[in-house]
Amino acid sequence: MSKKFVEDFKVAENIALNSSNFLIKLVSPKKLPDIKPGQFVNIEVKNSDEIFLRRPFSIFEIDYQKNTLSLIIKILGRGSKKLTELKAGDTVNLVYPLGKSFTIPQSDDRILLIGGGSGVAPMLFLAKESGLNRENVDILLGARSREDHVDASEYSKYGNLHFTTEDGSFGEKGFVIHHSVFQQINSYSKVYTCGPDAMMRAVAKTAKDEDIFCEVSLENLMACGFGVCLCCIEPTQKGNLCVCTEGPVFNIKELKW
Amino acid sequence: MSKKFVEDFKVAENIALNSSNFLIKLVSPKKLPDIKPGQFVNIEVKNSDEIFLRRPFSIFEIDYQKNTLSLIIKILGRGSKKLTELKAGDTVNLVYPLGKSFTIPQSDDRILLIGGGSGVAPMLFLAKESGLNRENVDILLGARSREDHVDASEYSKYGNLHFTTEDGSFGEKGFVIHHSVFQQINSYSKVYTCGPDAMMRAVAKTAKDEDIFCEVSLENLMACGFGVCLCCIEPTQKGNLCVCTEGPVFNIKELKW
Amino acid sequence: MVDLNVKIHDLELKNPVMTASGTSGFAEELTDFYDVGQLGAVLLKGTTLKNRDGNPYPRMAETASGMLNAVGLQNKGIDYFIENIYPRIKEYNTPLIVNVNGSTVEEYIEVTEKVNELDKIPAIELNISCPNVKEGGMSFGISCPSAEAVTREVRRVYDKTLIVKLSPNVTDITEIAKAVEGQGADSVSLVNTFLGMAIDSEKRIPLLSTVTGGLSGPAIKPIALRMVWQVYNAVKIPVIGMGGIMNAADAIEFLLAGATAVQVGTAIFKDPFIPVKIITGIEEYLTRHKMQSVNELIGCLQM
Amino acid sequence: MVDLNVKIHDLELKNPVMTASGTSGFAEELTDFYDVGQLGAVLLKGTTLKNRDGNPYPRMAETASGMLNAVGLQNKGIDYFIENIYPRIKEYNTPLIVNVNGSTVEEYIEVTEKVNELDKIPAIELNISCPNVKEGGMSFGISCPSAEAVTREVRRVYDKTLIVKLSPNVTDITEIAKAVEGQGADSVSLVNTFLGMAIDSEKRIPLLSTVTGGLSGPAIKPIALRMVWQVYNAVKIPVIGMGGIMNAADAIEFLLAGATAVQVGTAIFKDPFIPVKIITGIEEYLTRHKMQSVNELIGCLQM
Ligand SMILES: Cc1cc2nc3c(=O)[nH]c(=O)nc-3n(C[C@H](O)[C@H](O)[C@H](O)COP(=O)(O)OP(=O)(O)OC[C@H]3O[C@@H](n4cnc5c(N)ncnc54)[C@H](O)[C@@H]3O)c2cc1C
Ligand SMILES: Cc1cc2nc3c(=O)[nH]c(=O)nc-3n(C[C@H](O)[C@H](O)[C@H](O)COP(=O)(O)OP(=O)(O)OC[C@H]3O[C@@H](n4cnc5c(N)ncnc54)[C@H](O)[C@@H]3O)c2cc1C
Ligand SMILES: Cc1cc2nc3c(=O)[nH]c(=O)nc-3n(C[C@H](O)[C@H](O)[C@H](O)COP(=O)(O)O)c2cc1C
Ligand SMILES: Cc1cc2nc3c(=O)[nH]c(=O)nc-3n(C[C@H](O)[C@H](O)[C@H](O)COP(=O)(O)O)c2cc1C
Ligand code: FES
Ligand code: FES
C-alpha cells in the first residue's frame, strides 16, 4: 500500500490532438508525489446528471517542477466526452496515484513499446522514464488511419518511432503485429504494451510463444480505483486479482491469456 | 387549455440586480406566443447531478419584437443558484407559457400592486401591461433592506413607486402593510400581490376585511407545471386545485385564507 | 418502414409507448403540446368510485434522479369522469385506458362496471399498487390472496382487456404476477412507485405531508427492469414495463427484458415530448439495426 | 465541544459514522488516504468460511445516481483473514467489525466461532442479505423463519455485539427486523443492496455477468430511509442505517429517522474522505443548531 491523495487540480490546457483524442494538462497546487509510468488517476466528472462514478485514465506526462500531470483522453462515451470539454482554469478532482507501474527496464535491456489508441499515453511516458539510450528503445504505435495517430514526434528523443495504420495512410500498413519491428520481437529483452484488448492479446501471444518478458496494461471497468470494491478483477494464475491495485500492469505470465 | 411549448432559448444576458437577484433575458429563435402577466415558465436546470425536475419562474418582461422573455431569479437553493450562473450564449429549455394570468384591469380601475422578494417580477409586468394611466397605478415594493431592493425606477412610467424596508434604509420603514399607501387600500378597486406567503396573507386579510378585489400569485412546489401531476395543490372553496393550471393567480375569495 | 405495432391481448397498439397513469392527466393536458394520436395509448389519471381530495400539501419531493409523490389518488370520481371528461376526450385517436382504484373489492367492481359501458375505453388498468392511500391501494397488491381476490372479482364484470398493475414493494413480484394471471388478467403492468421517504435535515421534518410517498424516475430503473425481466420469465401474458424510462434506449432495455409495451411516467414532467421522442427513437433503432418489427426486440436479451 | 459518542449495544463508538462492508476493504486501503482511527467503525469485507472467487467480470454497471455490483463475496476465507490480514489491521484505533457470510447455517456458525476468538473484533455483522450469491445470502434474509434460524444459531455461539444486516428486497422489513430481534440480535443494520439489472441496449446483453446485481448509491436513499424509519418504530434494539449516504445532511436524515449510527458505502468510491467529512459535518450541524450531543438527533424527526 502506498500513500494516495484526493486532490483538486486546475486545468492548465486542453489540446485536441485529433478529432477524438485530447491532451489535458492539469496543475496541482501541491507538490506532486512520485509517479511512475503505468500508474493512473481516477477523475471526477462534474456537472453531469448522467455520470455517477469517476473515470480512470493513465498518466501520460509529469513535470515535477511545474507540478503538472497530463492525460490523453479519448472520447469513448459520456464521461470521456464531458472531460474533453474542460477548459483552462476549470477545477477537476483526482484520486491518485493509483495502480502499479511497469517494471522499469535495466540498463542492458532492449525494449519494444507497443501502443494503440489511448494506450499510447503510458507507452510514451515509459519511453521517457526508461533511462535507456534511444537506440535501445523502439516505440511502435498503431492506429486505424493517419488522422487517428497523435503527434508523438517529440518522443523520438527517447526512442525510435514506428507506426502502423490499417489503411496504410501512415507508416506500415496493417496491425502492430504486422510491423517489421514486431517481426524482430526476439531482439528485445522486454516488450510492453497498452491499448485495445485485441491488440494486447495478439502481442502477448507472440511474446509468450517466443518466451519474451512482456507486460500489458489492462483497462477494466472500475468503481473505486483503490482496491475496496473488487469490481475490476482479472482472472489470473493467482485467482481473481484487482486490476486497480495488483495492476493495471501485469506480466503476461500471471494472466490466463 | 391553451397551446404550450417546450423550447430552447438562448441566454441574451444575465445581470446581477443585487447579491441574490438576477435578471435573465432569454431569446427565442421563434416568435413568442401571447403571454400575460402572472404566467410562468418551467425551466430546465442542466448539468447538475443534484437537480432532477424543472424550476418554475414568473415571466417578468416580454419583447415581442425581439422575441425576448426575461425572468428575475432569486437564489433560494441549488437550482436557482445554478440558473443564476448562466452565461450569455448558453441554451436553456423552457416549458411555457404556463398558468393563468392576473385579471387585466378595466380602464376605470385604480390598482395597487404589492410585490416582495421575487414577487416583484409579475407585479412590474402587470404594471406595464395594465393599460392604465400611471396615476391610477401604485406599485408598492417591500424588502428587508435597501440592498435587497431591485432597481425598478424604469417602471415609474407605468405607476407611482413606493418602497418599504424592514430596517428603514429605503422608503418607509416596516412591512408593506405598514406603508401609507396600503393604509389607503380602500381607494383602490383592485389589489394584486405576489411575494412571500406571509406578506400575501397579510395583504389578503386586509383586502378581505375591506371587501376589495384582490388577486394573489401563489408559489408552490411543482413537478410538471402543466396540470398532469397534481402535486401543486392549494385547498380552495372548490376543493384542491392545481396552482399550475388553475393558478398561480387566485382571487382571495377562492382560497381558504 | 419499420413495424411498431404490438398487441396487449385484444388491444392493438400502433406503437409500444404509452403514457403512465397519474403522469399524463386525462390526455387533454398533453394535447396542449401535441396530438396524442401519436401515442401507443394513454393511461388516464387514477379513478375511484367517489370524489377524493387526495393528500395535503406538500405532495412531492425531489430526490437523486427521481421524485417522491404523495398525491393520494386525487380525482373527482368515476361518475364525474363519465359525465364531464369522457365526452371531451373520447375521440382522441389513441386507446384511452382507465386506471381503476378502490379501497374495497366492491369499489373496484363498481368502477369497473361503469367503465365497461364506455365504448371508447378498450381496457382498464387495475391499480392494486398505489402506495399513497390508507385503505386499499398497495395493500391489495402485496399479497397473493388479496391480489387474486380483486382480480377475480373484476374479471367477472369486465369483458375487455384487463391489465393489472403490480407493486414493486414485495419480496417476489413473480408470485403476484402469476396469481393475477391465474385469475384471468390479460396483462400485467409494472412497476408502480416504491415506498420511500425524504427528510428536511435542517428543519427536521418529513418533506411529504404523509411522511412516506412513492418513488419514481430513473433512480428506480434498475430495479424495475429486473422485475420486468423476472415477470416476463414467469408468466405467459404480455408484460407492460415502466419505471424511470427517460429515452428510447431505456425503453428498448425494457422491451429486451420482455416488456411488450412500456409506459412513460415521471419523464413527462421533465418534457412532455419524451414519449413522442421515444417512439421516433425506437423507429430509428430498428432501422439502424436492420430490424423489421419492434417484436424482434421483445424479450430478445442475449444471455 | 459536541458529543458524538453513540452506543450499539456493548459497542461504544466515538462517532456514528462507519464505513460499509464491501466498500472499505479491510480498512488498510483507507489508510493510504487517512488515519482510520477517525472513523466510528469499519465494516470489513464480507467473509465466508472458504475462499470464494466471486462472480465473473463484468461486475459493475453505472446507473442513474447509483451503481449495480455483482462482486459475489470474493474473499480468501476466514482462516486466511485470521492468519494474514487480521494481524496487520488489529491495532487500528477503530472498532473493526467482520461481515459474516455463509451458504448454510453451519457455515455462518463456523465463521462466527472463529471470529469470536479474535480479541480486537468487538462485533460481527451477519449478512443475510447479499443478493449476489446463488446459495445463502439474501435467501436467508427474505423470510422470517430462515432469518430467525440463522440468527438464533449464531447467537448461541457469539458473545459480543451481534448486528444482523437486513435485505430491502422484502414486502415488510419490520417483520424480519422483529424476527431477528426476537432471536437475540443486538442491532440491525439496513439496507443492503436492492436487486437490480442493467442492459446494454445497443449490444442487447446484460451489463453484469450475473444478469442481476445489487443497486446502491443515492438512487436508493429514499427507500432506505423509509425502511430505517419503519424498523426504528418496530424494534427496541439500535438501528444502523445506510443506503446512498453521500454527505452529512444525508447522514443526519438517517439519524433523524431513527438510526443510532450510519454506514457509508458507495460514496467511498467517489471520494474515500466522505466518511471523515460526514463526521465533521455532523459536528458542525450540532454546533450550529446548539445541540450538545448527536443523541439529540436520533429518532428526533418532528411529525
Ligand atoms: C487503468 C486504466 C487506464 C486508462 N487509461 C486511459 C487513457 O489514458 N486514456 C483513455 O482515453 N482512456 C483510458 N482508459 C479508459 C477510460 O477509463 C474509459 O474510456 C472511460 O472510463 C470511458 O468512460 P465514458 O464515460 O466515456 O464511457 P461510458 O459512457 O461509461 O461507456 C461507453 C462504453 O464503453 C465501455 N467502457 C467504458 N469504460 C470501459 C473500460 N474501462 N473498459 C472496457 N469498456 C469500457 C462501456 O461499457 C460502454 O459500452 C483507462 C482505463 C483504465 C481502467
Ligand atoms: C408559479 C411560480 C412562480 C415563481 N416565480 C419566481 C420568480 O419569478 N422568481 C423567483 O426567484 N422565484 C420564483 N418562484 C420560486 C422558485 O420556483 C423557487 O425559488 C425555485 O424553484 C427554488 O429552486 P431551488 O432549486 O433553488 O431550491 P431547492 O434547492 O429546490 O429548495 C430550497 C428550499 O426552498 C424550498 N422551496 C423551493 N421551491 C419552493 C416553492 N416553490 N415554494 C416553497 N418552497 C420552496 C425547498 O423546499 C427547500 O427548502 C416561483 C414559483 C412558482 C411556483
Ligand atoms: C405524481 C404521480 C402520480 C401517480 N399516480 C398514479 C395513479 O394514479 N395510478 C397509478 O397506477 N400510478 C400512478 N403513478 C405511478 C406511475 O404511473 C408509474 O407507475 C411510476 O411513476 C413509475 O414510472 P416512472 O418512473 O416512469 O414515473 C403516479 C406517479 C407519479 C409520479
Ligand atoms: C461493491 C459493493 C460490495 C459490497 N459488498 C458487501 C458485502 O460484502 N457485505 C455486505 O453486507 N454488504 C456489501 N455491500 C452493500 C453495502 O455494504 C451497503 O449495504 C449498500 O451498498 C448500500 O449502501 P450505499 O448506498 O451507501 O453503498 C456491497 C456494496 C457494494 C457497492
Ligand atoms: S476498482 Fe475497486 S477494487 Fe479495483
Ligand atoms: S405541477 Fe403538476 S399539476 Fe401542477
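Here is how names work: the chains are called A, B, and so on, in the same order as the sequence lines, proteins then strands, and each is numbered from 1.
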Fill in: Rounded distance (nearest 0.5 Å) linking atom CG of D:N247 with atom OG of C:S201
8.0 Å
Worksheet entry | Region of D:I205 that comes under 4.5 Å of a non-hydrogen atom in chain C | both
Fill in: Structural part of C:V170 lying under 4.5 Å from a heavy atom of chain D
both
Worksheet item: Of the backbone (N, CA, C, O) and the side chain (C-beta and beyond), which part of C:A249 lies under 4.5 Å from a heavy atom of chain D, both, or neither?
Response: both
Worksheet, complete the sentence: Here the gap from C:M227 atom CE to D:M197 atom CE, rounded to the nearest 0.5 Å, amounts to 13.0 Å
Worksheet item: Which atoms of C:Y285 come close to chain D, meaning under 4.5 Å heavy atom to heavy atom: side chain ones, backbone ones, both, or neither?
Response: side chain
Item to complete: Among D:P206, D:G244, D:G217, single out the residue with the greatest number of heavy-atom pairs under 4.5 Å to chain C.
Response: D:P206
Worksheet item: Is it the side chain or the backbone of C:L301 that comes within 4.5 Å of chain D heavy atoms, both, or neither?
Response: both
Discussion item. Counting heavy-atom pairs under 4.5 Å with chain C, which one of D:Q302, D:R226, D:K203 comes out on top?
Written reply: D:R226
Discussion item. Rounded at 0.5 Å granularity, tell me how far CG in D:D200 sits from CD1 in C:I252.
Written reply: 11.0 Å
Worksheet, complete the sentence: Given C:G196, C:P222, C:C300, the one with more heavy-atom pairs under 4.5 angstrom with chain D than any other is C:P222
Worksheet item: Picking from D:V228, D:L255, D:V211, which has the most non-hydrogen pairs under 4.5 angstrom with chain C?
Response: D:V211
Item to complete: Hey, could you give me the CG/OG1 distance between C:D172 and D:T171, rounded to the nearest 0.5 Å?
Response: 8.5 Å
Worksheet entry | chain D contacts, top residue of C:M303, C:H289, C:K221 (heavy-atom pairs, under 4.5 Å) | C:H289
Item to complete: Using a cut-off of under 4.5 Å on heavy-atom pairs, state which of C:T63, C:D250, C:I220, C:L225 scores highest against chain D.
Response: C:L225
Fill in: Which portion of C:A257 sits near chain D, non-hydrogen atoms under 4.5 angstrom
both
Discussion item. Check this for me: does any side-chain nitrogen of one of C:E202 and D:R288 sit under 4.0 Å from a carboxylate oxygen of the other?
Written reply: yes
Discussion item. With rounding to the nearest 0.5 angstrom, report the OG1 to CH2 distance, C:T212 to D:W229.
Written reply: 6.0 Å
Fill in: Point-to-point distance, once rounded to the nearest 0.5 Å, from CG of D:N169 to CG of C:N169
11.0 Å
Fill in: Residues D:R204, C:L297; criterion side-chain contact (heavy atoms from CB on, under 4.5 Å); working and verdict
CA-CA 9 Å; D:R204 296 193 280 284; C:L297 290 176; 4.1 Å; yes
Discussion item. At a 4.5 Å cut-off on heavy atoms, which part of D:L215 comes close to chain C: side chain, backbone, both, or neither?
Written reply: side chain
Fill in: Check: C:L195 and D:Q230 side chains under 4.5 Å, non-hydrogen atoms
yes
